[in-house]
Each structure stands twice: as C-alpha cells, then as structure tokens.
Amino acid sequence: SAKEFGRATYRFFTEEMNRHAFERLQMQNRLRHALDESEFLLHYQPQVDLKSGRLLGVEALLRWQSKELGMVAPGRFVPVAEESGLIMPIGTWVLREACRQARAWRDELGLAIPVGVNLSALQFRRGSLVATVAEVLDETGLEPGLLELELTETMLLHDTEAVRAAMDRIRALGVQMSIDDFGTGYSSLSYLKRLPVTRLKIDQSFVRDMIADDDDGSIVRAIIQMAHSLKLTVIAEGVETAEQGAWLAREGCDQAQGYHYGRPMPAEAVAARFARRGETARAAAG
Ligand code: C2E
Ligand code: MG
Ligand code: MG
Ligand code: MG
C-alpha cells in the first residue's frame, strides 16, 4: 500500500542520512587527530607565464594521508573540516608550512618562489586572520611579497565592510591576494574595483570547454578583459592541453596553471623544476 511504501521510503532516507552523518562524524574524529599525527602534507602546483612559458610560482594544495582512510582529497575533507571548525588549526598549519617551505627554497636554493595559499571562509570571518598571517610571516621570516592568499567570491559577499578592512590590513603587510574560482560567484565590476586584490584566477569549469563551447569561451574572454581593465593579472586554472594554452595566450591571458604545465607535486620536485629554470636563464644570458 501507499502507506507501507511511504514508510519504506522514509526508512530508506533516514538510513541514508544516518549513514551519511555517521561517515562525516567518523571523518571528523579522524581529522581531529590528523594534525597531531602529522598526516597532512602540501603539494605545490606550478604556475607559468603564457607568453614565455617561464615558471612563476606555485599554489599550495593540502593533502591528507590518513592512516585509516588512505589519501583523502581536499574536496572531501575540507567541507567537513569547515563544518567542525577544525579548518582553523588546519588552515594555520597550511599557512605556516607553505611559508616555511618558501623560506627554505629561498635559503637553501636561493630561489624566490611565490606561493599561493587557499583560505576558507571561516578563517576569513573569524577575526584573527590578519594577526595569524603577521605572526607566521614573522616566525618564518618569509618576505611578505612571496605569499599570496586565495579568496573566493562567496567569501567576499557578506559583511563587506569588515571583509574590506581585513583585506586592506593584509595588503598593508605586503601580502598578495587573489580571487580563486573566479566567474562562479557574483562579483560585479564596481565591487571588484574596490577590493585590494592583485590577481583573478579563472575557474577551471570555464577553461575546460572554452574552445568547444562558445558561451564558456565568451566568459573567459570577458574575464580577461575585465581583469585587464582593472589592471589585475589574470591566470587560467585547469589548463590541460597545449591547445588551451595557445588559445588563452592568443586571448591575452597572462598566466596559466594546470596539468599541462605540471600536476601538484612535492616540494623537492618544485625545487628541481625551478633550479632547471635558473640554468636555462643563465644559459640564455651567457
Ligand atoms: P582550487 O584552489 O581551485 O585548486 C585547484 C584544484 O584543481 C586542485 O584540486 C588541483 O589539483 C586541480 N587541478 C589543477 N590543475 C588541473 C587540471 O589541469 N585539471 C583538473 N581537472 N584539475 C586540476 P585539489 O588539490 O583536489 O583541491 C581542490 C580544492 O580544495 C581547491 O580548489 C581548494 O578550494 C581546496 N583546497 C585545497 N587545499 C586547501 C587548503 O589548504 N585550504 C583550503 N581551505 N582549501 C583547500
Ligand atoms: Mg586555489
Ligand atoms: Mg580554483
Ligand atoms: Mg576551489
């Protein structure tokens, strides 16, 4: 009967929901120990200048090597870490580790490699971000100009005055700021103009189909023009083919990041790539 069917459906949904809630809870419990157990690490993905192909910097991407769950992708655990507030200590760890690494590249190899760090909305909303950034820079001795913080449009939508004030203070430290996944939110030109950001990162969902799909192609072109009219640098994310790189270069996009130029990789691999860049430059100069 309909009644029995309804009951069965209801039970199915509650079981589904329970299982889902249980999995999240389980992940949360494991995340709670992950910092102490040193289960986090950072990989770094290269960014290149589209005209010259020259390596410019890297984005730090968080990896969780869980003893129980194996390698967990950030898309799965970052939302759980945000929900539970654990993103606060984890985010600070990411910031410190990225700055420590950039300083080590500087000291050990003489390489100035700018590094981008992703922020979560919670880190931005809870008042202590500026102090944390200042403290980490002080502690690691990294030049502030080598650090870039990546924000998303949705983080900037609420509480605009407080957000602006925080951004101004971060810029005053000499730290760079970019807007990640650009195009997926609702930023207007006039709003962007008032923000002290230095770079826009075009979301990879537009880049993926920009050659085949006219709408996506138009969006990418519009973002490039908008960035340039605001005197911002623009970088395309998720560039997987040489053809996409050439298309972007033709359209005047400044920079690119994606599997075509390099996957996220351990710090040692980054050092090797940049060391080779140095040799190439010296060979060209000599
Ligand atoms: P995101 O910041 O937009 O990072 C770019 C993502 O695209 C990374 O995924 C990267 O591995 C992937 N990617 C790069 N090139 C390509 C490509 O050519 N093709 C494709 N299909 N993908 C590419 P990942 O590392 O899985 O990170 C996913 C998201 O998790 C990040 O997106 C970011 O929003 C978040 N995330 C990563 N690390 C952190 C962190 O330390 N803190 C916070 N709050 N979020 C982080
Ligand atoms: Mg990012
Ligand atoms: Mg992105
Ligand atoms: Mg993202």
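Worth saying up front: this structure is predicted, and the values here are computed from it rather than measured. Note that the numbering runs from 1 along the sequence shown for the chain. Note that ligands are numbered from 1 as they come in the structure, with each ligand's atoms numbered from 1 the same way.
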Would you kindly specify which portion of Q257 sits under 4.0 Å from ligand 1, judged on non-hydrogen atoms: side chain, backbone, both or neither? neither

Any donor and acceptor pair, going by atom type alone, linking the side chain of S66 with main-chain N or O of E68 inside 3.5 Å? yes

Can you find an N or O of E59 that's nearer than 3.5 Å to an N or O of ligand 1? yes

Are any of the N or O atoms of V78 closer than 3.5 Å to those of ligand 1? no

Which atom name does D181 have for its N/O/S atom nearest to the Mg ion (ligand 3)? OD1

Atom of E237 nearest the Mg ion (ligand 3) (restricted to N/O/S, atom name only): OE1

Nitrogen or oxygen of N118 less than 3.5 angstrom from that of ligand 1: yes

What N/O/S atom of E59 gets nearest to the Mg ion (ligand 2)? OE2

Could R100 and E139 be called an ion pair, given the rule that one side-chain N must be under 4.0 Å from one carboxylate O? no

Counting backbone and side-chain atoms alike, is an N, O or S atom of D180 positioned under 2.8 Å from the Mg ion (ligand 2)? yes

In ligand 1, which numbered atoms sit nearer than 4.0 Å to a non-hydrogen atom of E240? 17 (C), 18 (O), 19 (N), 20 (C), 21 (N)

Quick one, S218 with D215, criterion side chain to side chain donor-acceptor pair (under 3.5 Å). Give me CA distance, side-chain angles, the key distance, then yes/no. CA-CA 5 Å; S218 302; D215 292 337; 5.4 Å; no

Between R63 and ligand 1, does any nitrogen or oxygen pair lie at a separation below 3.5 Å? yes

Could you tell me, atom by atom, which parts of ligand 1 come under 4.0 Å of a heavy atom of P264? 11 (O)

Does some non-hydrogen atom of G238 fall short of 4.0 Å from ligand 1? yes

Between E59 and E150, is any pair of side-chain heavy atoms under 4.5 Å apart? yes

For the residue pair H228 and V234, establish whether any side-chain heavy-atom pair is separated by less than 4.5 Å. yes

I170 side chain reached by M177 side chain, heavy atoms, under 4.5 Å: yes

So, the side chain of E108 versus the backbone of W105: is there a donor-acceptor pair under 3.5 Å, distance only? no

Which atoms of ligand 1 sit under 4.0 Å from any heavy atom of L119? 44 (N)

Checking side-chain polar atoms at under 3.5 Å, does R221 have a donor or acceptor matched by the opposite partner on Q225? no

Going by atom types alone, do R199 and Q255 pair a side-chain donor with an acceptor below 3.5 Å? yes

Heavy atoms only: which of S120, A81, A60, P79 lies closest to atom 44 (N) of ligand 1? S120

Q45: numbered ligand 1 atoms lying under 4.0 Å from its heavy atoms: 14 (C), 15 (N)

Any donor-acceptor N/O pair, R63 side chain to L41 backbone, under 3.5 Å: no

Does ligand 1 come near enough to E82 that some N or O of the ligand is less than 3.5 Å from an N or O of the residue? no

Check ligand 1 against D180 and write out every atom of the ligand that is under 4.0 Å from a heavy-atom position of the residue. 1 (P), 2 (O), 3 (O)

With a cut-off of 4.0 Å, which atoms of ligand 1 are near a heavy atom of P74? 24 (P), 25 (O), 26 (O), 27 (O), 28 (C), 30 (O), 37 (C)

Kindly give the atom name of the N, O or S atom of E150 closest to the Mg ion (ligand 2). OE1

